[in-house]
Amino acid sequence: MPTGAARKGVRTAVGPDPQAGDGRYPVAWLSISAPRGATPTATSKCLCGRDRSAVGHRRVLALIADHTAHRDTCPLRTPQEGRAAA
């Protein structure tokens, strides 16, 4: 005999397993905190060992640009064997 929601006629859909994933995983994180009226702060971390932080408008904007540029130079995102051929 069905129990809980199934007994009451609630339909459920079985979707893909959220833990299965598609093979992708996060490598780098950019965290920004900019409360109204306060000084903004940001941190940029990457699994390759990169760990940088910034305080203040100009420095946070520079860190955002640097974090974006790191995508092209990170050894975890750019295979080293392909770099010599390019």
Side-chain angles (χ1 to χ4, degrees):
M1 172 155 207
T3 61
R7 184 182 317 150
K8 296 177 182 172
V10 176
R11 294 179 185 214
T12 59
V14 179
D17 180 8
Q19 299 298 320
D22 60 1
R24 297 181 297 172
Y25 58 93
V27 174
W29 297 264
L30 178 64
S31 301
I32 303 169
S33 177
R36 183 179 299 251
T39 303
T41 60
T43 57
S44 172
K45 295 184 180 186
C46 183
L47 291 178
C48 72
R50 172 188 169 89
D51 187 358
R52 298 186 179 172
S53 61
V55 177
H57 292 281
R58 277 187 266 148
R59 290 184 175 163
V60 167
L61 290 173
L63 182 62
I64 293 169
D66 188 54
H67 180 85
T68 302
H70 178 69
R71 292 179 186 174
D72 295 332
T73 60
C74 178
L76 298 178
R77 292 181 49 105
T78 309
Q80 296 299 312
E81 61 273 2
R83 294 176 65 87

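Just so you know, residue 1 is the first one in the sequence shown, and it goes up from there. We use all heavy atoms of the structure for the numbers below, so side chains are in, but hydrogens, waters and symmetry mates are not.
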Checklist line | Atom pair CH2/CG of Trp29 and Asp51 - distance to nearest 0.5 Å | finding: 11.0 Å
Next item on the list: Can you see which heavy atom on Ala42 is nearest to which on Ile32, and at what distance?
Entry: CB-CG1, 4.1 Å
Checklist line | Heavy-atom side-chain proximity of Thr41 to Ser53 below 4.5 angstrom | finding: no
Check: How about His70 and Cys48: do any of their side-chain heavy atoms sit closer than 4.5 Å?
Finding: yes
Next item on the list: Report yes if the side chains of Leu30 and Ile64 come closer than 4.5 Å at any heavy-atom pair, otherwise no.
Entry: yes
Item checked: Taking every non-hydrogen atom, the tightest pair across Arg59 and Ala54 -> O-CB, 3.4 Å
Notebook entry, point to check: Is there a side-chain contact between Thr43 and Arg52, using heavy atoms and a 4.5 Å cut-off?
Noted result: no
Next item on the list: Compute whether any side-chain donor of one residue and acceptor of the other, for Arg50 and Ser44, lie under 3.5 angstrom apart.
Entry: yes
